[in-house]
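The shown structure was predicted, so the numbers you read here are calculated from the model rather than taken from an experiment. The chains referred to below are lettered A, B, ... by the order of the sequence lines, with proteins before strands, and numbering in each begins at 1. Both backbone and side-chain heavy atoms feed into the values below; hydrogens, waters and symmetry mates do not.
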Number of protein chains: 2
Amino acid sequence: MTRSSTRTTSFDVAALAGVSQSAVSRAFTPGSSIAEETRQKVLEAARRLNYVPNSIASSLTTKRSNIVALILGNLANPFYVHVMHAFSRKLQEHGRQVLIFTVDAGAESDDAILQVLKYQVDGVILTSAQLSTRMTSMCHDRGIPIVLFNRYIPGSDASGVRCDNTAGGRLLAEAFLAAGAKSYLIVTGDPTATTSGDRVRGFMDRLIEGGIKRTDITQIEGYSSYEGAFSATIRYFSAPDVKRPEAIFGVNDIMAMGVMDALQLRLGIRVPKDLMLAGFDDIPEGRRAPYHLTTVRQPIDQMVNETLAILHLDEPTRPIERGIDRRIAGRLIWRSTIPVPQGNG
Amino acid sequence: MTRSSTRTTSFDVAALAGVSQSAVSRAFTPGSSIAEETRQKVLEAARRLNYVPNSIASSLTTKRSNIVALILGNLANPFYVHVMHAFSRKLQEHGRQVLIFTVDAGAESDDAILQVLKYQVDGVILTSAQLSTRMTSMCHDRGIPIVLFNRYIPGSDASGVRCDNTAGGRLLAEAFLAAGAKSYLIVTGDPTATTSGDRVRGFMDRLIEGGIKRTDITQIEGYSSYEGAFSATIRYFSAPDVKRPEAIFGVNDIMAMGVMDALQLRLGIRVPKDLMLAGFDDIPEGRRAPYHLTTVRQPIDQMVNETLAILHLDEPTRPIERGIDRRIAGRLIWRSTIPVPQGNG
DNA sequence: GTATTTTGTGAATGCGTATGCATTGTTCGC
DNA sequence: GCGAACAATGCATACGCATTCACAAAATAC
């Protein structure tokens with residue numbers, strides 16, 4: 001059996017069922033005008049022939065592929081695995097397919113988008129990747145909505161959904177301040193991503209409002225990964241004249257986990273006894289026993305829903321929503337890596 | 001701008017470039033007969049019109065979609081995230097698209113396969129999911145190769161690539177025997193998957209050959225997840241009349257990690273001082289400082305390559321390879337969770 | 001210089017389905 | 001019981017591209 005075997009088409013099914021090809025088409029199209037009896041006849045014939053409608057051919061006429069493209073950077077951060085899973089589940093529930101594209105963290109997504117455009121996807125979701133204005137307009141010109149997930153490009157025509165990273169950073173700063181931390185180390189993520197920058201900014205602004213001196217806040221680069229944060233931490237604390245901070249903010253949970261392991265297992269520094277720590281994201285991995293991270297929860301499901309709402313795949317004739325910047329509040333999750341301040345339950 | 005905007009087609013490009021539509025098609029088809037000068041003219045016109053070839057329309061005539069379906073169960077196990085990433089990278093390098101489908105662990109994959117067939121994919125890769133013979137023949141009948149990744153269905157027409165799980169289980173049993181463990185606990189995974197069963201079988205067979213009594217080997221269910229293994233471990237050790245084993249085999253790394261944390265952080269049992277432990281997979285997470293798991297490495301890249309070789313997407317006319325069962329040896333990675341036996345470096 | 005091969009090009013056709021339109025059959029209201 | 005409204009169905013065509021075929025142009029051979 002070679003791969004060029006002739007496939008059964010709606011005409012074959014029509015012949016067996018004794019109806020026209022259009023009747024077959026209608027039998028598989030919900031809401032179209034067909035008698036239930038005829039429909040059953042067609043479905044029975046289709047079953048006997050192992051017929052499956054050809055979505056490729058169908059989308060040629062409908063101009064709808066029912067495919068949504070999901071472009072992912074940084075899969076090394078489990079947060080985006082959970083995001084992918086959430087999108088996948090949700091879209092599958094609605095009978096849509098997910099075309100996955102992985103790009104290196106921080107890389108241009110132009111190639112990915114061009115590939116994806118070839119497939120006439122109904123929408124594009126972009127996480128942790130750059131987006132040029134040329135690609136934005138290419139998508140919009142051909143009527144394909146594109147939504148940035150947890151990314152923000154100022155002045156861009158592309159809409160986006162993100163956690164309120166700045167406010168989240170402030171929440172964590174407040175927690176640290178309440179616990180009495182006076183000096184800080186921030187382990188930052190990918191410098192090309194606004195996510196990290198916004199969190200750091202909110203965090204620092206609040207610290208300074210709280211009376212912390214700028215010279216008591218240091219930043220090091222953690223490369224958005226466990227391993228990057230792990231070794232950055234060891235490097236920092238191994239410097240000869242280092243001033244040990246009282247608190248560390250890992251700009252995402254996976255980095256905070258790397259920091260914590262470096263501190264406790266390599267440097268002999270206990271969390272939170274000797275040093276407080278917080279992350280951001282609230283990934284399930286950070287809830288586990290060894291970490292029990294204090295963090296800010298990004299409400300993935302809500303963010304996914306908002307993203308799909310902006311795509312509004314069900315209403316293809318509605319104009320594309322441009323330049324929307326939906327910010328969703330994160331919630332402080334108080335666990336073990338910041339001691340509960342005295343006087344607060 | 002609504003989504004029904006009229007898209008630019010190869011005819012538009014042809015008109016602007018002053019050539020025929022077929023010339024445009026040829027300009028975008030590598031290896032086709034066209035003068036370089038004409039090609040440049042066409043590409044320039046295409047660029048100016050933001051034209052992108054419509055792969056959907058093209059696959060209607062070529063009967064090749066350049067899409068490969070990847071059906072994933074159990075994304076909670078990071079191993080399969082790495083597998084997905086490896087497939088994604090490899091397929092993208094070859095200019096192919098990845099259609100992702102996630103199914104609940106242990107669930108039927110029939111629906112997923114039917115969906116995927118609608119899109120005339122060039123191949124199907126199935127990880128951790130059941131596969132009915134009906135779906136196998138539906139794929140094969142329409143010339144779509146399907147390969148099971150790390151699954152094995154005895155007597156099935158579908159080909160598969162897997163790690164030699166039985167041999168891997170034996171390797172770990174040998175390591176434990178060499179380290180002198182006399183009593184064992186096995187934390188098993190999804191009972192519907194052969195992966196877990198094979199590993200357990202090889203492990204037990206070798207233990208018994210090594211003189212361990214059956215009564216000194218206990219099995220509990222860890223549900224293939226960190227959380228499942230974590231709580232199963234606590235439950236087991238909290239029973240009133242429990243006999244503490246000297247060694248535990250977590251049938252995959254993520255479960256071994258759960259076991260380890262439960263032991264050390266909840267039960268006060270030190271690894272490997274009080275109790276030895278091993279996993280299976282060699283996921284990067286298990287290499288991290290808190291775990292440093294002794295395990296068997298599944299050679300993901302090699303397995304991915306073998307899988308793609310069986311699909312042989314580049315030679316669509318070659319007959320589908322049926323019933324292949326490619327087993328690839330795993331390698332013992334000796335880290336810290338089994339003490340090195342005396343006399344061995 | 002003509003005969004032969006190679007290369008480049010355009011017109012026509014097919015891929016599998018959805019859908020507007022026309023037609024037939026059916027039901028309902030009065 | 002008659003016309004109108006409506007449901008069900010078939011026919012024909014459009015969708016955007018790749019491919020085949022035929023032919024023109026160019027390159028090579030003699």
- [ ] Return the nearest nucleotide to the side chain of A:Ala57; candidates are C:dG16, D:dT19, D:dC11.
- [x] C:dG16
TODO: Would you mind classifying the nucleic acid contact of A:Phe28 as base, sugar-phosphate or nothing, using non-hydrogen atoms under 4.0 angstrom?
DONE: nothing
Open item on the list: If you compare all heavy atoms of B:Val24 against all heavy atoms of B:Ser10, which two are closest, and at what distance to 0.1 Å?
Closed with: CG2-O, 3.6 Å
Task: Neighbour count above 12 (heavy atom, 6.0 Å) for A:Glu36 CD - done: yes
Open item on the list: Within the 4.0 Å heavy-atom criterion, would you say A:Ser58 contacts the bases, only the backbone, or no part of the nucleic acid?
Closed with: sugar-phosphate
Open item on the list: Just to be sure I understand the rule, does A:Ser22 reach a base, reach only the sugar-phosphate, or reach nothing, if contact means heavy atoms closer than 4.0 Å?
Closed with: base
- [ ] Compare the minimum distances between each of C:dA18, D:dT19, D:dA8 and the side chain of A:Gln21, then state the nucleotide with the smallest one.
- [x] C:dA18
Open item on the list: Expressed as a whole number of angstroms, how long is the span from A:Tyr119:OH to D:dC17:P?
Closed with: 14 Å
Task: Sugar-phosphate only, base, or nothing, as touched by A:Thr9 at under 4.0 Å among non-hydrogen atoms - done: sugar-phosphate
TODO: When you get a sec, tell me which of D:dA8, C:dA18, D:dC11 is the closest nucleotide to the side chain of A:Thr29?
DONE: C:dA18
- [ ] Send over the distance from A:Ile34 CD1 to C:dT19 P, rounded to a whole Å.
- [x] 14 Å
TODO: Please state whether the phosphate of C:dG16, meaning OP1 or OP2, lies under 4.0 angstrom from any side-chain nitrogen or oxygen of B:Lys63.
DONE: yes
Open item on the list: What is the separation between atom CD1 on B:Ile56 and atom C1' on C:dA18, rounded to the nearest whole Å?
Closed with: 15 Å
Open item on the list: Over all strands shown, is A:Val24 touching base, sugar-phosphate only, or nothing at heavy-atom distances under 4.0 angstrom?
Closed with: nothing
Task: D:dA18 OP1/OP2 closer than 4.0 Å to side-chain N/O of B:Thr61 - done: no
Open item on the list: Side chains of B:Gln115 and A:Gln97, heavy atoms from C-beta outward: is any pair under 4.5 Å?
Closed with: yes
- [ ] Please state how far atom CG in A:Leu60 lies from atom C1' in D:dC17, giving the value in whole angstrom units.
- [x] 8 Å
TODO: Name the nucleic acid region contacted by B:Thr38, choosing base, sugar-phosphate or nothing; use a 4.0 angstrom heavy-atom cut-off, strictly under.
DONE: sugar-phosphate
Task: Proximal nucleotide (of D:dC17, D:dA18, C:dG16) relative to the B:Asn54 side chain - done: D:dC17
TODO: Give the rounded distance in Å between these two atoms: CZ of B:Phe11 and C1' of C:dA12.
DONE: 10 Å
- [ ] Check the distance between C:dA18's C1' and A:Asn66's CG and give it to me in whole angstrom.
- [x] 14 Å
Open item on the list: Can a donor-acceptor pair be found, under 3.5 Å and without considering hydrogens, that links the side chain of B:Gln120 to the backbone of B:Arg64?
Closed with: no
Task: Distance, rounded to the nearest Å, where B:Asp12 contributes CG and D:dC17 contributes C1' - done: 13 Å
TODO: Could you check whether B:Ser10 gets within reach of a base, just the sugar-phosphate, or nothing at all, counting any heavy atom under 4.0 Å?
DONE: sugar-phosphate
Task: Test applied, side chain to side chain contact (heavy atoms under 4.5 Å, CB included); reference residue, B:Met138; option that passes from B:Leu114, B:Ile146, B:Ile144, B:Asp110 - done: B:Leu114
Task: Interatomic distance, B:Glu37 CD vs D:dA25 C1' [rounded to whole Å] - done: 14 Å
Task: More than 12 heavy atoms of other groups within 6.0 Å of B:Asn50 CG - done: yes
Open item on the list: Between C:dG8 and B:Arg39, counting only base atoms on the nucleotide and side-chain atoms on the residue, is there a donor-acceptor pair under 3.5 Å?
Closed with: no
